[in-house]
Each structure stands twice: as C-alpha cells, then as structure tokens.
Amino acid sequence: MIRRIIRKRRPAPTLAGISLEEELALIRVELMYGLRVNREAYLRRKVDERNEMATRMRDREPAEMLADLRGSLERAVRPTVVDLHSRRQARTSQDPEPA
C-alpha cells in the first residue's frame with residue numbers, strides 16, 4: 001500500500017520545464033501585479049539556484065548546515081516574550097471601579 005502511494009506522487013519539478021504549480025504561481029503573479037514573467041529567465045534562475053545549493057551542500061559539513069538553518073529559522077520566527085510580572089503590576093496599580 002505504501003508503495004502505491006509513493007508511485008502515485010507527482011514527480012519533483014524537472015529543470016527542463018516548469019511544473020503545473022509553478023506555472024500557476026507565475027500566472028497569479030502576472031495577473032495580480034500586471035507583470036510579464038520571462039519563462040526562460042525563470043528556468044535559468046532555477047537551474048542556477050539548484051547548482052548553487054548543490055555546491056553549498058557539497059562544500060560544508062552537516063553540522064554547519066544545521067547551525068545555519070537553525071539561525072535562519074530563529075531570525076525568521078521571532079518569539080514574542082511577554083513579561084507577566086510587569087503586566088500583573090500594571091493591572092493591580094489601577095483601582096477597580098466600585099460596583
């Protein structure tokens with residue numbers, strides 16, 4: 001059963017063409033922003049980015065890559081810190097109105 005699921009999955013986008021999802025995204029950009037996207041330039045950039053990523057992965061240790069990923073994730077998702085102690089003090093300093 002698992003083999004059937006794996007076989008039925010859509011293949012990863014090839015560098016020879018643009019996948020259906022990518023084409024839909026490009027059309028959406030064109031319609032929303034009134035731009036014309038050059039498909040050939042898009043494919044060239046996609047190839048360049050893939051080659052650059054392969055080069056980066058070949059030249060580095062897994063621990064370094066993990067540290068970079070962790071750092072970029074921490075920069076992307078800034079945790080919201082709420083100081084509960086100061087919030088409690090601010091609320092208790094105000095007298096509630098009498099009923």
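Residue L69 belongs to no hydrophobic cluster, having no ILVMFWY side-chain heavy atom closer than 4.5 Å to its own.
By the criterion of side-chain heavy atoms lying less than 4.5 angstrom apart, applied directly or through intervening Ile, Leu, Val, Met, Phe, Trp or Tyr residues, L35 is grouped together with Y42 in one hydrophobic cluster.
Residues satisfying the salt bridge (Lys or Arg N to Asp or Glu O under 4.0 Å) test with R60, not counting sequence neighbours, are E64, D68. E40 pairs by the side chain to side chain contact (heavy atoms under 4.5 Å, CB included) definition with N38, R44, not counting sequence neighbours. With sequence neighbours left out, E61 forms a salt bridge (Lys or Arg N to Asp or Glu O under 4.0 Å) with no residue at all. L73 is linked by a side chain to side chain contact (heavy atoms under 4.5 Å, CB included) to V77, counting only residues two or more places apart in sequence or in another chain.
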Using residues 25-34 as the side-chain source, report each donor-acceptor pair under 3.5 Å to any protein atom, sequence neighbours left out, with the distance given to one decimal.
from, atom 1, to, atom 2, distance (Å)
E30, OE2, R36, NH1, 2.9
E30, OE2, V37, N, 3.0
E30, OE2, R39, NH1, 2.8

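Atom CD of residue E49 and atom CD of residue E52 lie 7.5 Å apart, to the nearest 0.5 angstrom. L43 CG to K46 NZ: the interatomic distance, rounded to the nearest 0.5 Å, is 6.5 Å.
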